[in-house]
Amino acid sequence: MPKASSADVARAPVAVVTDEMPATAPASRVLRIVVNLVAVAMSLYHMYVAAFGPPEAIIFRGTHLLFALTLVFLLYPTRPGHPAWRLLDALLLAAGFGFVLHIFLNYDYFINRIIYIDDLTVADRAYAVIAIVVVLEATRRVIGLALPLTAIAFLAYALAFTHVSLPMLLEQLYLSTEGIFGSTLGVSASYVMLFVLFGAFMEKSGTGQLFMDFALSITGHQAGGPGKVSVISSSLFGTVSGSAVANVMVDGPITIPLMKRTGFRPPFAAAVEAVASTGGQLMPPIMGAAAFVMAEFLAVPYAQVAMWAIIPSLLYYIAVFCAVHFEALKHGLRGVPRSELPRLSRVLIERGNLFVPIFVVLFGLMLGYSAPLCALAGALSCIPMALVRGATRKGIGVRNVFEALVDGAKNTLAVAMACACAGIVIGVVTITGLGIVFTQFVVLLAHNSLILALALTAIAGIVLGMGMPTTPSYIVMVSLLVPAIIKLGATTPAAHMFAFYFAILSAITPPVALAVFAAAGLAKTDLWRAGWEAVRVAAPAYIVPFMFVYEPSLLMIGDWMTIATSILSAILGVVCLAGGLIGHLRNPCKPWERALLIVAALLLIKPGYISDLVGLAVIGGLYLFNTARARVSVKG
């Protein structure tokens, strides 16, 4: 029976990050030392700021970007293994220092000048161009070409199709807090960095083994137990990780072979792990990085965003859990013998103390403390909690703290550069008024129909997410599409959550489904078969966002009676939809029964008491007929 260990968990970083390009470890020992020192300094700086308060916004964001650029050009060289190309990396790094220090050294000039009125100096223009080029190149190295090309397209639009002059555009992007040094970079510096550190400290304290053993002890013995273990453990990893691919690479090496061993088809096993891991970005209390951006955009506490996400994330995981359950019943798949599984009481006694840091963060948020301070408190509690008991104390020492500080900084790079590059997009949208133009276009295209606007936004989110991580995908959607949804009648929280949700689902939607690719590799199965299985397993999840747009009570908005009834009907709806798509209720379903199950599910999902009653009548009749038919076949 495979058991999770700290070594298993260390295969991939557990942190609030997006899926990024692989970094190259510096060949030189001196460079490795420099990287580690810079990473530790970056982590300690942000921990200090979380504890004692940040400096002026531009100074804080600039320092954060400076640390990130330094690590990017050290860890992502132009051509790995070719020392001669290091000169270009050094020049780019020097340019990065130049444009940030230009603001730092001329801070009084920066804050006292009147934007769009005072002329730019030659140095201002030069450094603005350098800033754009360096940010685009650094972003390309970390997360690929999609986001930089998107930013370039927006820049080209501003210069070629609007009346915005080049000096005005440079001023917007470099010498204001509406561009590169905008609020998105502020989110990375203030929120994401601390939660990344929290994830790194949890990883180094051995929490991964607790998550896996906890899930195994609860559901490992049930029908399809290993698949259910994947769902539960991935949702737990989701409390400290916002990366679908990282979740797959942590959880998958244990759960996928176990699923295959107990009879699950390889494509289905890969799909379950990919879908379950992708939901981590929706899972409170610590969601993906885009959730922090949402809190900043809406000017609400992060705890409010986490509250909105509770029911959608619950529906997501119920849908996946039921898909696994019905698939196991359909094919007669058994669980793992109890003798091979850890006992829940033993798991909690030996390792339950490692849950404490999560509760520290959760209670801190509930008490109204700032999210960065809660993350700092959680991170600082990880190692002491690991030292409390002998079972979790083994291997814990100063080295773990050092490695957590280093990994925390490294794992922030993708988000930091994505946020800086997304600042270019936001700056262009703001100064050109493109957001208003696009809103009018979407409203016209949708013919004033909210459902059509939602469908367009969903498609856009999936397409954008194919080439970009969740955070920039969400930012672009908020800039261009969300205003149209709001104009057509959606509430603001529901519109933002809708965009956030579909930016996440791109990780499991073919043809470019990064989480599925990772899981299929572990399962040694065909990518396309795994991809379409993932769509089938997650099918209810594609409907959930439409549900909460039309019924905001699923976001915990409204009176408690409406919230309760909406939750119950939605849960029953996603269960029926999972049963209809898999083809099993209490017993195997005939094609017409599957069709009626799907119809009943849609009726239950649709807001309204009449549709709920009709849906309940349909599912009740189907359940009775399905049970009676099974009894007749047994007697016969």
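All residue numbers in this chain count up from 1 along the given sequence. Only heavy atoms go into these numbers, but all of them, side chains included; no hydrogens, no water, no symmetry mates.
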Beyond-backbone contact of [X] with [Y], side-chain heavy atoms, under 4.5 angstrom:
X	Y	answer
Arg113	Thr121	no
Phe500	Val305	no
Leu159	Leu166	yes
Met42	Thr63	no
Met294	Val478	no
Trp308	Val300	yes
Leu155	Leu173	yes

Minimum heavy-atom distance between [X] and [Y], given as atom pair plus value:
X	Y	answer
Val361	Cys374	CG2-O, 3.5 Å
Ala50	Leu373	O-CD1, 3.7 Å
Ala290	Thr471	N-OG1, 3.5 Å
Ile115	Ser176	CD1-CB, 3.4 Å
Ala289	Val192	CB-CG2, 3.8 Å
Ala95	Val134	CB-CG2, 3.8 Å

Given side chain to side chain contact (heavy atoms under 4.5 Å, CB included), test Leu170 with Ile132 step by step and report yes or no.
-> CA-CA 9 Å; Leu170 294 176; Ile132 294 169; 3.8 Å; yes
Between Phe195 and Tyr191, does a ring pair (Phe, Tyr, Trp, His ring centres under 6.0 Å) hold up when you go through it step by step?
-> CA-CA 6 Å; Phe195 280 94; Tyr191 294 90; 7.6 Å; no
Distance check, rounded to the nearest 0.5 Å: [X] atom [atom1] versus [Y] atom [atom2]?
X	Y	atom1	atom2	value
Leu413	Leu71	CG	CG	5.5 Å
Ile475	Ser183	CD1	OG	8.0 Å
Phe198	Leu376	CZ	CG	11.0 Å
Leu197	Leu44	CG	CG	8.5 Å
Thr457	Ile462	OG1	CD1	11.0 Å
Tyr107	Leu101	OH	CG	15.0 Å

So for atom [atom1], which belongs to [X], do other residues, nucleotides or ligands contribute more than 12 heavy atoms lying within a distance under 6.0 Å?
X	atom1	value
Tyr45	OH	yes
Ile436	CD1	no
Met307	CE	no

Does the side chain to side chain contact (heavy atoms under 4.5 Å, CB included) test come out yes or no for Met417 and Leu69, once each step is laid out?
-> CA-CA 8 Å; Met417 295 319 306; Leu69 288 172; 3.8 Å; yes
Keeping [X] on the side-chain end and [Y] on the backbone end, is there a donor-acceptor pair under 3.5 Å?
X	Y	answer
Arg79	Trp85	no
Thr184	Cys419	yes
Ser43	Val40	no
Glu178	Gln172	no
Asp89	Thr78	yes

With sequence neighbours left out, write down each residue that passes ring-ring contact (aromatic ring centres under 6.0 Å, His included) with [X], or none if nothing qualifies.
X	answer
His64	His46
Phe99	none
Phe73	none

With sequence neighbours excluded, residues passing side-chain hydrogen bond (donor to acceptor under 3.5 Å, both in side chains) with Tyr542 |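 So Tyr542 forms a side-chain hydrogen bond (donor to acceptor under 3.5 Å, both in side chains) with Thr509.
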Show your working on ring pair (Phe, Tyr, Trp, His ring centres under 6.0 Å) between Phe110 and Phe104 and close with a plain yes or no.
-> CA-CA 9 Å; Phe110 173 80; Phe104 287 4; 9.7 Å; no
Can you list the residues that meet the salt bridge (Lys or Arg N to Asp or Glu O under 4.0 Å) rule with [X], with sequence neighbours excluded?
X	result
Glu403	Lys204, Arg399
Asp124	none
Glu296	none

Any ring pair (Phe, Tyr, Trp, His ring centres under 6.0 Å) involving residues 130-182? Give me the pairs, sequence neighbours left out, ordered by first then second residue.
->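 Sorted result for residues 130-182: empty, none.
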Counting only pairs under 3.5 Å, give me each side-chain donor-acceptor contact of residues 490-497, with atom names and distances, residues two or more places apart or in other chains.
unit_1, atom_1, unit_2, atom_2, d
Thr491, OG1, Ala494, N, 3.4
His496, ND1, Tyr474, OH, 2.7

Do the charged groups of Asp407 and Lys410 touch, with an N to O distance under 4.0 Å?
->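 So Asp407 does not pair with Lys410 through a salt bridge.
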Pairs under 3.5 angstrom only: tabulate donor-acceptor contacts from the side chains of residues 438-449 to other protein residues two or more places apart or in another chain.
unit_1, atom_1, unit_2, atom_2, d
Thr439, OG1, Gly435, O, 2.8
Ser449, OG, Leu452, N, 3.4

Tell me which donor-acceptor pairs under 3.5 Å the side chains of residues 425-433 have, and how far apart each pair is, sequence neighbours excluded?
unit_1, atom_1, unit_2, atom_2, d
Thr430, OG1, Ile426, O, 2.8
Thr432, OG1, Val428, O, 2.6
Thr432, OG1, Leu434, N, 3.3

Is there a side chain to side chain contact (heavy atoms under 4.5 Å, CB included) between Thr278 and Ile504 once you walk through the steps?
-> CA-CA 7 Å; Thr278 298; Ile504 289 171; 3.5 Å; yes
Check: residues 480-489 side-chain donor-acceptor pairs under 3.5 Å, at least two apart:
none

Do you see a donor-acceptor pair shorter than 3.5 Å between the side chains of Ser190 and Arg61?
-> no
Starting from the C-alpha separation in whole Å, work towards a yes-or-no answer on side chain to side chain contact (heavy atoms under 4.5 Å, CB included) for Ile180 and Leu65.
-> CA-CA 9 Å; Ile180 291 171; Leu65 181 59; 4.0 Å; yes
